[in-house]
Amino acid sequence: MREKQLIIVGAGLAGSLLATLLCRRGWQVTVYERRGDPRIKGYESGRSINLALAERGRHALRRAGVEDAVMAQAVMMRGRMVHVPGEEPLLQRYGRDDSESIWSVHRADLNLTLLELAEQAGAQVHFYRRLHTVDFGAGYARFIDDRDDQPYDIHFDVPLIGADGAGSALRAAMNRWSPLGERVEFLDHSYKELEIPPTAAGGFAIEPNALHIWPRGHYMCIALPNHVKTFTVTLFLPNEGEPSFASVHSGADAQALFEREFPDALPLIPKLREDWENHPPGLLGTLYLDRWRLGGRALLLGDAAHAMVPFHGQGMNCAFEDCVALADLLEANDDVNAAFAAFENARKPNALAIQKMALENYVEMRDRVDDPDFLLQRELERQLQHRHPGRFVPHYTMVTFMRIPYAVALRRSEVQRGILVEATRGHATLDDIDWNAVDAQVRARLEPLQDTA
Ligand code: FAD
Ligand code: 8RB
């Protein structure tokens, strides 16, 4: 093996950030990306797709020195704005104040920023190079230029990092060489993206500083603001049943669904029929692997290793956290094999934890956010946060505004949920809560929390 050289497959969010972090530490990094250079051809598919950036992601951007540049274009989302038919939309704050907010960022802009940073840091990025196959025996990799189907073969004797997303070609190649124990669990729900344009006056059509949710029990719509004053709307719907992607086919069916179930959102989405008919529903699922690596020769991270359902808005945040962890471990270990092993050991339990929490948050978003029992538990959660600072920390705060391991957040959340459910059972308000008993539970069952600031 050559010293301090490696190849990254995929110049998406994780690949380009990782390239930057490693180049800064003296690694020679070559990146192969399936798509073209976004600075040359129009990157925009026409629609704005946005992502929620939270503390874990921001921390990684901070480490790369681009946090301020990214935040300059981000739209603050201070809470969920819940839309229930016949009621005024209600804001449920994510944190104690605006400092605890999530941020809507534009994917294409973010990717471009990170890519430029990687090149500035010295990474060699090759575009139109889609990894096709790898011969780990001979040390050959084949890439295809999708413009003309031309193959390009390289000989490699340095480690390969798979940052090539949920459909990872490197994962497939590794799995063929030595099975990774791959299992994909598709959700029986899919999604469709729609858009809310700016008003005629050029402003945001609805409250900009929130993540909007239209909860409807078994399904829901959400909307995230873009800095160009549009909103990207995502409808999540079951694949079967009523209503579902099986029963809502045409643009007209979709229109009827919105008239019935989302009457306040419908007038905001003028191209509902068009968007519906032009974009197929997207699949959702969780990817589980027993192994993320082939010794010190190849390693997967981000979606390639642990794709998850979107409902905690943590896929990118987790992928960025992976990048920082790997860069630190490659720095701390002389040997790549040891660094890869330490990475896999450290990150796998955390990936599993956020995958689980992401699945759970779907039920919360679509069914619980307008439920009186849930709102009472939330209120108690706030009170206990105040009564037990550093000990009772709300679930959402641990995942979104802290950098404690996801596995720790999951474990503590389960204990806390037990306390909240138990203490509010049979109560309609907090007026007659037995505070002594609840406080005792908190002290007995939750150790003070240390943040890894
Ligand atoms: P990607 O960003 O997918 O990058 C993979 C890269 O590899 C791409 O550039 C691709 O072109 C390239 N590539 C693929 N195959 C090959 C190949 N064979 N050879 C070479 N290159 C290849 N996460 C959040 O944290 N918050 C959110 O709000 C959020 N919203 C989302 C909204 C949508 C619509 C979607 C689809 C995802 C969202 N996510 C969100 C998840 C987030 O996008 C992913 O978790 C994140 O992009 C993972 O980063 P990655 O680098 O692993 O993969
Ligand atoms: N992938 C998000 C949250 C949590 C919000 C809350 C949820 C769309 C695809 Cl569904 C979703 C969240 O608990 O109040 N934070 O950020 C982002 C989400 O969906 C994104 C936009 C998304 N991801 C395929 C579609």
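Both ligands and their constituent atoms are indexed starting at 1 by order of listing. Below, each value reflects all heavy atoms present in this structure, side chains not excepted, and no hydrogens, waters or symmetry copies. FYI, the numbering just counts along the sequence from 1.
- When Ala163, Ala54, Pro38 are checked for heavy-atom proximity to atom 5 (C) of ligand 1, Ala163 turns out nearest.
- For ligand 1, one of its N or O atoms has an N or O atom of Met316 under 3.5 Å away.
- When the options Leu13, Val31, Leu131 are ranked by their closest heavy atom to atom 2 (O) of ligand 1, first place goes to Leu13.
- With respect to the salt-bridge test (charged N to carboxylate O, under 4.0 angstrom), the residues Asp290 and Lys348 do not qualify.
- Both the backbone and the side chain of Ala52 come within contact range of ligand 1, each with a heavy atom under 4.0 Å.
- Residue Ala14 has at least one nitrogen or oxygen atom sitting less than 3.5 Å from a nitrogen or oxygen atom of ligand 1, judged on distance alone.
- For residues 224-238, there are no salt bridge (charged side-chain N to carboxylate O under 4.0 Å, His left out) pairs, not counting sequence neighbours.
- Annotation: His386, atom NE2; neighbour count of heavy atoms from other residues, nucleotides and ligands within 6.0 Å does not exceed 12.
- For the pair Arg293 and Phe343, the NZ or CZ position fails the cation-pi test of under 6.0 Å to the six-membered ring centre and within 45 degrees of the ring normal.
- Contact annotation: Phe236 has at least one heavy atom less than 4.0 Å from an atom of ligand 2.
- The aromatic rings of Tyr396 and Phe401 lie perpendicular to each other, with more than 60° between the two planes, well past the 30° mark.
- Every atom of ligand 1 is numbered from 1 in the order shown, and the set under 4.0 Å from a heavy atom of Ala169 is 18 (N).
- Thr424 places a side-chain N or O within donor-acceptor distance of the main-chain N or O of Leu420, the cut-off being under 3.5 Å.
- At least one heavy atom of Glu193 sits closer than 4.0 Å to an atom of ligand 1.
- Residue Phe143 does not touch ligand 1, judged by heavy-atom distances below 4.0 Å.
- Comparing Leu51, Asn317, Val105 against atom 29 (C) of ligand 1, the shortest heavy-atom distance belongs to Leu51.
- Of all the listed residues (Arg107, Arg130, Arg129, His306), Arg107 holds the heavy atom that lies closest to atom 32 (C) of ligand 1.
- In this pair, Tyr219 and Phe262 present their aromatic rings perpendicular. The plane angle is above 60°, beyond the 30 to 60° band.
- Interface atoms of ligand 1 facing Gly302, defined by a heavy-atom separation under 4.0 Å, are 52 (O).
- A distance below 6.0 Å separates the ring centres of His189 and Tyr362.
- Residues satisfying the ring pair (Phe, Tyr, Trp, His ring centres under 6.0 Å) test with His132, not counting sequence neighbours, are none.
- The Val9 neighbourhood of ligand 1 comprises atoms 19 (N), 20 (C), with distances under 4.0 Å to a heavy atom of that residue.
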